[in-house]
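For reference, the structure is listed below as structure tokens.
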There are 2 protein chains.
Amino acid sequence: MINLTKSEEDYLKALFQLLTEGGKSKIGNNQLAEYLNVSPASTNNMVKKLKAKDYIVSERYGKLELTDQGIEIAVRLIRKHRLWETFLYNYLNFSWDEVHEVAEQLEHIKSRKLVDELDRFMEYPKVDPHGEMIPDADGAYNITPKVTLSSLKEGDICKLAAVNDASVSFLRYVSQIGLALSSTIEIVEIRDFDKSICIRFDDTVETVTKKFADNVFVKIIS
Amino acid sequence: MINLTKSEEDYLKALFQLLTEGGKSKIGNNQLAEYLNVSPASTNNMVKKLKAKDYIVSERYGKLELTDQGIEIAVRLIRKHRLWETFLYNYLNFSWDEVHEVAEQLEHIKSRKLVDELDRFMEYPKVDPHGEMIPDADGAYNITPKVTLSSLKEGDICKLAAVNDASVSFLRYVSQIGLALSSTIEIVEIRDFDKSICIRFDDTVETVTKKFADNVFVKIIS
DNA sequence: TTAATTTGTTAGTCTAGGCTAACTTATTTA
DNA sequence: TAAATAAGTTAGCCTAGACTAACAAATTAA
């Protein structure tokens with residue numbers, strides 16, 4: 001648990017995200033590989049190593065799971081990532097779509113004091129610029145099961161709670177059409193033939209694709 | 001010039017520091033190796049690569065020099081390092097001796113915007129917590145030739161201008177005896193048999209070793 | 001000016017973390 | 001339930017950047 005490489009950390013974080021946010025029952029080697037954009041062979045290698053170090057458990061040909069140790073590492077990374085995003089956004093004039101890439105680098109800086117002091121400096125923010133919860137220094141991680149915009153039905157009304165931060169073009173699109181955190185959204189119509197969704201918010205009516213709606217997380221109001 | 005690895009950056013920065021701050025006329029393979037705590041063979045390898053990429057020039061068995069490109073990389077790293085040290089010290093409650101290690105990691109984060117915005121956020125500081133000049137965004141680097149405390153003679157009076165930040169125990173010692181930036185120091189006596197130096201500052205009289213005095217940089221007053 | 005010492009170079013090895021190609025085991029589906 | 005497909009594994013190779021051991025060139029000293 002002392003010193004993991006950047007790659008080892010990346011694998012653990014990715015597995016954690018897939019397990020908690022993906023909604024899938026089984027995460028295997030290939031899903032992890034695809035998520036990280038590496039080959040299944042590379043993943044196999046790394047998983048083997050992380051199993052030997054007791055961060056991952058799995059049976060041969062079976063599904064992957066994290067040990068408590070593994071979860072701890074992943075949550076720390078997510079805490080760091082989101083704190084840095086918040087810092088970049090609130091203090092350094094970074095925009096929504098710029099923060100992720102730099103935070104991906106900053107989350108690997110090894111210094112417990114750095115992240116805790118950054119937290120204090122910003123007065124313990126609860127959510128990052130994309131609406132995601134920031135785990136606290138004890139690793140308490142509030143897993144709110146994600147409800148995607150795409151899972152609602154016609155007539156539902158919801159609030160935009162968070163967005164997936166991993167794609168720059170997606171984030172640009174979100175701000176371009178005028179959606180912002182806490183926007184109230186009404187599902188006007190779901191078109192059956194291509195699953196595209198017509199939504200209304202702030203006197204705007206837009207039609208978005210299923211893929212878009214998959215990356216928008218909401219809180220249902222009615 | 002696009003994307004260097006962390007190691008490549010480390011070598012370039014180290015060479016730059018040796019060339020500008022070391023006061024030596026010739027920097028060779030072995031000095032660079034020793035400075036970086038790697039073997040001469042590793043250094044040879046890396047130097048070969050950096051020559052191929054046009055960051056370093058040297059003849060076989062000859063002294064090492066940086067190209068303009070190489071200098072630019074090194075100065076940017078120094079700028080980043082010192083800005084981060086300043087941030088850690090002024091905003092995140094880091095102490096003198098804690099900043100260096102974390103800044104060594106932070107200086108490798110790749111984002112031009114990050115460092116320039118950090119600079120703006122802190123209102124363009126001119127010096128870091130150890131008294132060293134911070135190069136500006138254009139890479140203008142004010143090379144003030146360093147005068148070490150050990151180079152003075154009895155009776156000289158000087159001001160503490162900067163200290164070498166690379167050793168934690170050294171920095172602890174500096175603050176422990178009460179020396180601070182801008183302290184006025186008088187050379188009371190230089191003991192010949194071991195080159196130890198007796199200094200007076202702020203009504204304190206202390207004897208320090210030659211090695212200590214080598215790491216203290218001063219501005220001569222009289 | 002030759003010998004000793006220092007400095008630089010080369011060759012070969014190691015680890016981390018990628019890759020492709022080939023193969024094996026599970027799972028689907030006809 | 002057998003064949004097709006998907007998922008997981010293994011073997012072997014590559015690059016970066018370390019290392020040691022052996023050797024060559026320069027420099028210093030006798």
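Lettering follows sequence order; numbering is per chain, from 1. All values reported here derive from a predicted model rather than from experimental measurement.
- The phosphate of dA16(D) (OP1 or OP2) has no side-chain N or O of Thr5(B) nearer than 4.0 angstrom.
- Distance CG/Leu83(A) to CG/Leu106(A): 11.0 Å, rounded to 0.5 Å.
- In terms of phosphate contacts, Ser7(B) brings a side-chain nitrogen or oxygen within less than 4.0 Å of OP1 or OP2 of dA18(D).
- Annotation: of the two residues near DNA chain C, Gln31(B) and Glu8(A), the 5′-most nearest-nucleotide partner is Gln31(B).
- Taking side-chain N and O atoms only, Asn44(B) has no distance below 4.0 Å to OP1 or OP2 of dG8(C).
- At the phosphate of dA16(D), neither OP1 nor OP2 sits under 4.0 Å from any side-chain N or O atom of Lys6(B).
- Regarding contacts with the backbone of dG8(C), a side-chain N or O of Lys26(B) is found under 4.0 angstrom from either OP1 or OP2.
- The residue from His100(B), Glu85(B), Arg82(B) that alone fulfils the side-chain hydrogen bond (donor to acceptor under 3.5 Å, both in side chains) condition with His130(B) is Glu85(B).
- Of all the residues in residues 100-110 of chain A, not one reaches under 4.0 Å from DNA chain D with any non-hydrogen atom.
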Dump the pairs, protein N or O against N or O of nucleotides 22-26 of chain C, anything under 3.5 Å, distances to one decimal.
none

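- Relative orientation of the Phe121(B) and Tyr91(B) rings is tilted, given thresholds of 30° and 60° on the angle between their planes.
- A perpendicular orientation is assigned to the rings of Trp84(B) and Phe87(B), their planes being inclined by more than 60° (bins at 30° and 60°).
- A sub-4.0 Å separation between OP1 or OP2 of dA26(D) and a side-chain N or O of Lys63(B) is absent.
- Without hydrogens or angle criteria, Lys51(B) side chain to Ser58(B) main chain gives a donor-acceptor distance under 3.5 Å.
- Regarding contacts with the backbone of dT7(C), every side-chain N or O of Asn29(B) stays at 4.0 angstrom or more from both OP1 and OP2.
- Shown for residues 33-40 of chain A: residues whose heavy atoms fall under 4.0 angstrom of DNA chain C, namely Asn37(A), Val38(A), Ser39(A).
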